[in-house]
Amino acid sequence: MKIATWNVNSIRVRADAVAAWLESARPDVLCLQEIKVVDGDFPAARYEGMGYRAAVSGQKTYNGVAILARDGMSDVVAGFADGAEEDPQRRLLRATIGGVRVIDAYCPNGEDVGTEKYAYKLAWFARLLRVLETQESPSKPLVLLGDFNIAPEAIDVHAPDRWEGKVLCSGPEREALAGLRAWGLEDCVRAKHPGEPKLFSWWDYRLAAFQRGWGLRIDHILATAPLAARLRAAEIDVEPRKAERPSDHAPVWAEFGP
DNA sequence: ATGGTAGAGCATCTA
């Protein structure tokens with residue numbers, strides 16, 4: 001079972017790129033972030049014609065997540081569904097596919113350390129951990145994947161000294177991610193590439209960051225122990241980032257055995 | 001000193 005994630009930064013602009021990547025990578029599941037459309041404007045019919053069903057939690061202009069899957073999806077849940085007032089920002093979508101609980105996450109960016117958006121980011125991660133603790137199980141096959149907007153370690157950053165303490169790399173953010181891992185999640189790409197540098201998934205559009213190799217690894221696939229035990233391969237596919245009008249993120253995928 | 005590009009949508013906001 002091949003499960004992938006890609007922050008496409010507008011499904012309108014990247015609809016062709018997504019179709020092309022589905023054709024070449026042939027994932028069983030593709031989780032999308034930043035689709036930036038309401039549910040009705042997601043090009044579901046197009047991907048249905050390619051053998052993928054869609055679950056969508058979209059909104060106008062910002063955010064929005066969707067799951068494309070070859071198999072049927074059950075127990076589809078949008079948002080935290082924790083009884084408290086739902087977050088109007090559409091960032092979370094869950095579905096059970098082929099016996100695997102799939103959680104598609106577009107985690108907040110945080111703008112800058114100390115800002116209101118940074119506080120929202122930390123609160124969002126705390127709420128996500130509570131959702132896992134109360135609604136999901138680390139002893140079942142589960143994958144939490146998406147754009148986390150956090151680089152876990154110095155090795156995940158092109159210039160760690162320059163980024164130290166900055167948003168995407170700050171201590172509290174990394175502790176929030178470690179808190180998720182401590183619940184029972186393993187970083188699939190790092191597990192298959194221990195100690196490997198220059199493994200990045202995002203490059204800023206500005207300053208020709210991609211051409212200069214100024215990347216960060218902020219998109220992740222985290223699996224519970226019973227699923228991680230089936231991990232066969234995990235990669236970041238840099239090719240789509242070289243396209244003429246690319247997303248600023250590259251797709252990330254993991255393959256699990258039966 | 002606080003840059004630079006991209007997307008949405010039409011002045012800025014977000015990343």
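Here is how names work: the chains are called A, B, and so on, in the same order as the sequence lines, proteins then strands, and each is numbered from 1. Note that the structure is a prediction, hence the values are computed from the model and not measured.
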Distance in angstrom units between [X] [atom1] and [N] [atom2], rounded:
X	N	atom1	atom2	result
N9(A)	dC13(B)	CG	C1'	13 Å
W202(A)	dA6(B)	CH2	P	14 Å
K117(A)	dT14(B)	NZ	C1'	7 Å
E116(A)	dA15(B)	CD	C1'	17 Å
Q89(A)	dA8(B)	CD	C1'	15 Å
Y62(A)	dT12(B)	OH	P	13 Å
R162(A)	dT2(B)	CZ	P	15 Å
Y205(A)	dA6(B)	OH	P	8 Å

How is [X] classified with respect to the nucleic acid when contacts are heavy atoms under 4.0 Å: base, sugar-phosphate, or nothing?
X	result
R91(A)	sugar-phosphate
F210(A)	nothing
R14(A)	sugar-phosphate

Indicate yes or no for a side-chain donor-acceptor contact from [X] to the backbone of [Y] under 3.5 Å, with no hydrogens or angles considered.
X	Y	result
S201(A)	H249(A)	no
K166(A)	R162(A)	yes
R181(A)	E186(A)	no

**Q.** Distance test, side-chain N/O of K60(A) to OP1/OP2 of dA8(B), below 4.0 Å
**A.**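 Checking dA8(B) against K60(A), no side-chain N or O comes under 4.0 Å of OP1 or OP2.
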Q) Hey, does the side chain of R245(A) come within less than 4.0 Å of dG7(B)'s phosphate (OP1/OP2), counting only N and O? A)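 True: R245(A) side-chain N/O within range (under 4.0 Å) of dG7(B) OP1/OP2.
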Q.
Check D39(A) with R90(A), please: is the shortest side-chain N to carboxylate O separation under 4.0 Å?
A.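 Not counted as a salt bridge, because no side-chain N and carboxylate O are separated by less than 4.0 Å.
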Q: Give the nucleotide from the list dA15(B), dT5(B), dC13(B) with an atom nearest to the side chain of N63(A).
A: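 Of dA15(B), dT5(B), dC13(B), dA15(B) is nearest to the side chain of N63(A).
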Given the [atom1] atoms of [N] and [M], what is the spacing between them in whole Å?
N	M	atom1	result
dG4(B)	dA8(B)	P	22 Å
dG9(B)	dT14(B)	C1'	13 Å
dA15(B)	dG3(B)	C1'	16 Å

Q. Within 45° of the six-membered ring axis of W124(A) and under 6.0 Å from that ring's centre, is NZ or CZ of R127(A) located there?
A.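 Output no; distance or angle outside limits.
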Q.
Let me spell it out: for each of T61(A) and L207(A), pick the nucleotide of DNA chain B with the closest heavy atom. Which residue's pick is nearer the 5' end?
A.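 Checking each residue's closest nucleotide, the 5'-ward one belongs to L207(A).
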